[in-house]
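In this chain, numbering begins with 1 at the start of the sequence shown. Predicted model, so just to flag it, every value in this text is computed and none were measured.
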Amino acid sequence: MRQPSFGGPQRERPQAGFQHASKEQRDVLLRMTAFVWHHYKWSMVVVLFCVLVSSLTSLVSSLFTRTLIDDYIVPLTQVTNPEYASLAQTLFTLGLILLFGTLCSYAYNRLMINISQGTMLRLRKAVFERMERLPLSYFDQRSHGDIMSVYTNDVDSLRQMISTAMAQVFSSLITIVATFTSMVTLSIPLTLVSVAMAVVMMLVTGWLGKRSRTYFRTQQQSLAQVNGFIEEMMTGQKVVKVFCHEQQAIRQFEAINEQLRSSACNANRIANIVMPVNGNLGNLGYVLIAVVGATLALNPKLLPLVTPLSLGTIVAFLQLNKNFTQPITQVSQQINSVLNASVGAERVFALTDVEPEVDEGSVILTDPKGDVDFQDVDFGYTPQKQILFDIDINTSPGQKIAFVGGTGAGKTTIINLINRFYEIQGGQILYDGIPVTHITKQSLRRSMSIVLQETRLFTGTVLDNIRYGRLDATDDECREAARLVGADDFIRRLANGYDTQLQGDGGNLSQGERQLLAICRAAVANPPVLILDEATSSIDTRTERLVQQGMDRLMQGRTTFVIAHRLSTVRNADQIIVLDHGRILEQGTHAQLLQQQGRYWQLFHG
């Protein structure tokens, strides 16, 4: 069987309208059910069998009420010396049947727990795998807290639906069909009364469900906003305290937290009245059945073509009526989890449906030289706003190219285009004479190392973080890279040296030490192209002097692109490119640009 696909274009989803919402909800739940069935087909077959047995044993006990009254209790009350042996044997047989039904009920509930937890594992895996294949533009446009909410709240909202509601739906369908068949055989008039009440209950459930679904979607969105705000405050706590922004942050949190409370109250207020309303409608139906049944039993001539009703038939039918309406009440009891899960599944599938990063390249670089050229490159993050205009850059392997200019000039954007984090709209970028669009992204990016201004370290040892640049690097190669860039001394002074555990993005290190480890990571990769986005910006002057020699050795023989804010760090560059608002104003060596007394001269003497 073909696995249900997470791929395909992301569909535009209707945002309003109850008819659209109902269809959308149905489609999402069917897709979720297909996913569960694909991965747990045989377990679900066992669950269906156990649910069938459990439902039928419940039906048997209801039908036995008629036999018990008409064939045992009434006849025994009419004899002088009643004999109870036959009754005891029948009750014993019924007890065994009910015991078997109870065991089946226990079995399918245990299986559904395993299925639900396994499905959560697979969904989180699918979400993470898709996330790792998405382009950077996806993360630029969304809050990280909102994405985190998909992994936690949205995926977990499916757990209760799968473990409880899904089995409940199976049981309800089987119970309704079997009970309806039994009711028809007992009394058609009473069956019509039961069906009429069931229709009323379903209409009420559907009407309330449509109204509450909109609120459940808002609740999940508000929950994602709360998570995103908390994530922002945690990462920016130092800035909050520096500018005494605590009270303002509290007020902002109170506002979005109140929005979550309001949406959650609206969603649950409507959904929580479904079960009481249906319960009372079921009781009303029970009374109607009793009244109509008693009337027909006492006045059999009212419907001469209908078989007269016995006392046992009426009592059994009352029990069957409960079995018939109870599934609707039980499903309405799960309306909260079903609606919440449908919204959660919608958000999960919305992420897994996003188109992954496209790689149409077919060329694999076997011996890259690091010759990178820009030819009339135009680029904009959105089609409506162009960022770069007619960028022409010619390099030779081993050259050091420096980009200078004010904030927003386009320096970092050019760096992001070299390794195809974003695709250009005009011109072309050549790598060793080959258009980068013809080179596989993995091959292209493996030939480059990037040291970003914002350092990211991962949970693990210092050695693990250095090895992140090249996973097959040996311990000796990692230590050699650290010595090359001047990080060996401070690493050895750590509690456990290279085996020191880092957590919380290297929170136990200084900013300069964290940046040095990022430079070590680039050194151990040993690529032909090196990209430094103001790599020493977080290192103090003394540390910078110590690391500069190592950086020079690291850049030797490599094509190096440097984004510089301090012009003193690029004086020895082979080319200095001055950018302003996405255009190249000047290009040349340090001496040549000073002679021109243009924009670079102003920056240097400013």
Side-chain angles (χ1 to χ4, degrees), residues 135-137 356-383 386-405 409-452 469-470 522 525-533 535 554-564 570 572-589 592-593:
L136 284 180
S137 57
E357 187 176 18
V358 178
D359 186 3
E360 298 175 350
S362 58
V363 177
I364 298 177
L365 299 173
T366 56
D367 185 23
K369 301 296 188 299
D371 184 0
V372 181
D373 296 320
F374 282 66
Q375 297 180 350
D376 301 321
V377 171
D378 295 327
F379 172 75
Y381 289 104
T382 62
Q386 189 171 340
I387 303 297
L388 298 178
F389 303 84
D390 302 321
I391 301 298
D392 277 305
I393 303 173
N394 296 311
T395 70
S396 299
Q399 281 191 333
K400 179 180 178 180
I401 314 299
F403 297 98
V404 298
K411 303 183 296 295
T412 300
T413 300
I414 290 178
I415 295 300
N416 288 333
L417 297 181
I418 296 175
N419 43 40
R420 290 187 67 194
F421 285 155
Y422 302 92
E423 301 296 342
I424 61 177
Q425 280 80 52
Q428 64 178 351
I429 302 174
L430 303 177
Y431 189 103
D432 289 352
I434 306 170
V436 292
T437 53
H438 296 173
I439 305 171
T440 64
K441 288 185 177 180
Q442 186 177 59
S443 176
L444 179 68
R445 292 169 184 172
R446 283 188 184 277
S447 70
M448 304 178 185
S449 274
I450 304 177
V451 180
L452 300 173
R470 182 163 57 88
N526 195 26
V529 176
L530 184 64
I531 298 173
L532 305 175
D533 186 355
L554 177 61
M555 290 185 288
Q556 189 173 7
R558 294 184 172 89
T559 303
T560 306
F561 294 91
V562 180
I563 294 178
V570 299
N572 62 342
D574 297 292
Q575 287 189 65
I576 299 175
I577 298 173
V578 183
L579 294 165
D580 185 58
H581 293 91
R583 298 182 186 274
I584 296 178
L585 296 185
E586 300 169 5
Q587 190 171 350
T589 64
Q592 290 170 345
L593 294 179

Test of understanding: with side chain to side chain donor-acceptor pair (under 3.5 Å), list the residues that count as partners of [X], not counting sequence neighbours.
X: N526; result: R558
X: S443; result: none
X: Q425; result: none
X: T395; result: none

task = Identify the two heavy atoms, one from L365 and one from S447, that lie closest to each other, and give their separation to 0.1 Å.
result =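 In this case the closest contact between L365 and S447 is CD1-OG, 4.0 Å.
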message = I need the minimum non-hydrogen distance between I429 and L417, along with the two atoms involved.
response =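 Where I429 meets L417 most closely, the heavy atoms are CD1-O, 3.6 Å.
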task = Keeping to residues at least two apart or across chains, list the side chain to side chain donor-acceptor pair (under 3.5 Å) pairs with something in residues 356-370.
result =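 Qualifying pairs, neighbours excluded: E357-K441, E357-R445, D367-K369.
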Taking only residues two or more places apart in sequence, or in another chain, which ones meet [X] in a side chain to side chain contact (heavy atoms under 4.5 Å, CB included)?
X: D580; answer: L585
X: H581; answer: none
X: I415; answer: F403, I418, I531, F561, I563
X: P435; answer: Q428, L430, T437, H438

Point-to-point distance, once rounded to the nearest 0.5 Å, from CG of D373 to CG of D432 =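 With rounding to 0.5 Å, CG (D373) is 9.5 Å from CG (D432).
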request  = Quick one: list whatever passes ring pair (Phe, Tyr, Trp, His ring centres under 6.0 Å) with F389, sequence neighbours left out.
outcome  =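 Listed in chain order: nothing, the list is empty.
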Under 3.5 Å donor-acceptor, Q386 side chain and G582 backbone =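 No: the side chain of Q386 does not pair with the backbone of G582.
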request  = Would you check if the side chain of D371 reaches a backbone N or O of P397 as a donor-acceptor pair within less than 3.5 Å?
outcome  =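 Judged by distance alone, no pair lies under 3.5 Å.
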Within residues 388-399 or reaching into it, pairs that qualify as salt bridge (Lys or Arg N to Asp or Glu O under 4.0 Å) - sequence neighbours excluded =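 Counting only pairs at least two positions apart or across chains, no salt bridge (Lys or Arg N to Asp or Glu O under 4.0 Å) contact touches residues 388-399.
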query = Considering residues, nucleotides and ligands other than Q442, do more than 12 of their heavy atoms fall under 6.0 Å from its CD?
reply =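 Count not over threshold, so no.
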